[in-house]
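Data first, discussion second: the structure below is written as structure tokens.
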Amino acid sequence: KLADHRKTARKKEEAPAEPRVAVGNGKTLPAGFTPLTAVKDPTLGWPLRIRSDRDGAEMALVAGGVAIVGHEGGPRESSPQLSVVLDSFYMDVNEVTLKQYEKFRKYQIEELDRKKNVSEPKNFKSPPNFPALGVTQVQADFYAKWAGKELPTEAEWERAARGPAGFAHPWGNGRAIWTHARTPEEIDVVRTFRTDVSPYGIYDLAGNAREWCSDRYSPTAFAEALKSANGGELRNWKGPRLAETEDAHVVKGNGPNWDAWSRAGLDGTHAHANVGFRCILRLPEKSAE
């Protein structure tokens, strides 16, 4: 019976892809993603909001173009400032919640018999609309693939947080204004602080959970990238080829003064109590501002 169960699970994973979803102007979303609005970006033609059918996440369109990444003059690991040309993508409006992560775990355990591979988040006793914390980068990547998405690169994360103007913070260049006292490392229900929102309508990129990116971490990554560009452009930069230590990956968010360029490196095979994640869907086009 167990062999039959696993065979059925493999068939589910290997099932033919569903038809893509047409959104007009010859553009189609991958199967499993549904437009939430008829309103489209006037230049790109993509809907401003979509939903991931598998995990139910609302996703916001982040227009491609020249992204400002890092900060000129320091800190050392975040400098020099880079200009990275990115293609358009969608990003989860919220961090992946405990409710969403439990849906993923249930599928893996009940349908694919993978209980050992998907341990509970460290904060599994928190309310379901808290971000899932203490999930390894490996598990986060596994979740993203299950949902038909990917983890963002550091450059994509900063584009989503800083907008086309390259703000210091998601809300702009000024000081944060919170409805009540807030400190770094504080974890709340997603969207608790409504002013922690980027120009694309994406929440909690300054505070709440720190978030995994796909990039390997090196404290000299930006300087190395500038050298490798050789006067040319950096397009869809995915970070350094080698990490500071073998499994070190970039985490973003919760930096000093809520600065969007703040970054750190953590072992992606370990579960860290204040680290969660969100996902993106890359679009098949190149765009510029």
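Source: prediction; values computed, not measured.
Tracing side-chain contacts under 4.5 Å through hydrophobic residues (I, L, V, M, F, W, Y), one reaches Phe142 starting from Val275; they form part of the same cluster. One hydrophobic cluster holds both Val23 and Leu281 under the rule that ILVMFWY side chains link at heavy-atom gaps under 4.5 Å. Hydrophobic cluster membership is shared by Phe33 and Val21, with clusters built from Ile, Leu, Val, Met, Phe, Trp and Tyr side chains linked at under 4.5 angstrom. Connection of Trp157 to Phe167 is not established within any shared hydrophobic cluster, with ILVMFWY side chains joined at heavy-atom distances below 4.5 Å, either directly or through further cluster members. Under the 4.5 Å side-chain contact rule for hydrophobic residues, Val69 and Leu234 share a cluster.
Proximity of Tyr203 to Arg194: side-chain heavy atoms (C-beta onward) are separated by under 4.5 Å at one or more points. When side chains are defined from C-beta on, Val84 does not count as touching Glu156, because their heavy atoms never get closer than 4.5 Å. Residues Lys103 and Trp146 have side chains in contact (heavy-atom distance under 4.5 Å, counting atoms from C-beta outward). The closest side-chain heavy-atom distance from Glu150 to Phe89 is not below 4.5 Å. With a 4.5 Å cut-off on side-chain heavy atoms, Val93 and Arg191 count as touching. With contacts defined as side-chain heavy-atom distances shorter than 4.5 Å, the pair Leu283/Leu61 qualifies. Annotation: side chain of Arg278 is in contact with side chain of Leu205 (closest heavy-atom distance under 4.5 Å). At a threshold of 4.5 Å between non-hydrogen side-chain atoms, the residues Ser88 and Val62 do not count as touching.
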TODO: Could you walk me through whether Gln137 and Leu151 pass side chain to side chain contact (heavy atoms under 4.5 Å, CB included), step by step?
DONE: CA-CA 9 Å; Gln137 201 265 0; Leu151 294 180; 3.7 Å; yes

Task: CA sep, side-chain torsions, deciding dist, call: Asp267, Thr245, side chain to side chain contact (heavy atoms under 4.5 Å, CB included) - done: CA-CA 8 Å; Asp267 188 328; Thr245 56; over 6 Å; no

- [ ] Could you walk me through whether Trp212 and Gln139 pass the side chain to side chain contact (heavy atoms under 4.5 Å, CB included) test, one step at a time?
- [x] CA-CA 10 Å; Trp212 287 117; Gln139 291 171 330; over 6 Å; no

TODO: List the steps and the verdict of side chain to side chain contact (heavy atoms under 4.5 Å, CB included) for Leu29 and Tyr90.
DONE: CA-CA 11 Å; Leu29 289 170; Tyr90 286 98; 4.0 Å; yes

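Listed for the Asp87 side chain is no donor-acceptor partner under 3.5 Å among the backbone atoms of Gly64. Between the His71 side chain and the Ser262 main chain, no donor and acceptor come within less than 3.5 Å of each other. Although no hydrogens or angles enter the test, the distance criterion places a donor-acceptor pair under 3.5 Å between the side chain of Asp196 and the main chain of Ala206. Remark: the backbone N or O of Glu185 is paired with a side-chain donor or acceptor of Asn254 at under 3.5 angstrom. Between the Asp41 side chain and the Leu44 main chain, a donor and an acceptor come within less than 3.5 Å of each other. Asp247 contributes no side-chain N or O that, together with a main-chain N or O of Gly268, makes up a donor-acceptor pair within less than 3.5 Å. Under a 3.5 Å cut-off, the side chain of Ser83 and the backbone N or O of Val66 do not form any donor-acceptor pair. Of the possible polar contacts, none joining the Asn274 side chain to the Leu133 backbone as a donor-acceptor pair under 3.5 Å is found. Thr97 contributes a side-chain N or O that, together with a main-chain N or O of Gln100, makes up a donor-acceptor pair within less than 3.5 Å.
A parallel orientation is assigned to the rings of His169 and Trp171, their planes being inclined by less than 30° (bins at 30° and 60°). Taking the six-membered ring for Trp and thresholds of 30 and 60 degrees, Tyr101 and Phe277 have ring planes more than 60 degrees apart, a perpendicular arrangement.
Evaluation of the ring pair (Phe, Tyr, Trp, His ring centres under 6.0 Å) rule for Phe222 yields Trp237 as partners, not counting sequence neighbours.
The one candidate from Arg263, Lys238, Arg159 that meets the salt bridge (charged side-chain N to carboxylate O under 4.0 Å, His left out) condition with Glu154 is Arg263.
For Leu36, the CG atom sits in a packed shell: over 12 heavy atoms of surrounding residues, nucleotides or ligands are nearer than 6.0 Å.
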Identify every side-chain donor-acceptor pair in residues 73-82 under 3.5 Å, counting partners at least two apart or on other chains, and give the distances.
residue, atom, partner, partner atom, Å
Ser78, OG, Trp261, O, 3.0
Ser79, OG, Pro75, O, 3.2
Ser79, OG, Arg76, O, 3.4

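Ion pairing between a basic and an acidic side chain is recognised when a charged N comes within 4.0 Å of a carboxylate O; Glu102 and Arg105 show such pairing. A salt bridge links Lys149 and Asp55; the closest N-O separation between the charged side-chain nitrogens and carboxylate oxygens is under 4.0 Å.
No side-chain donor from either of Glu246 and Thr269 sits under 3.5 Å from a side-chain acceptor of the other.
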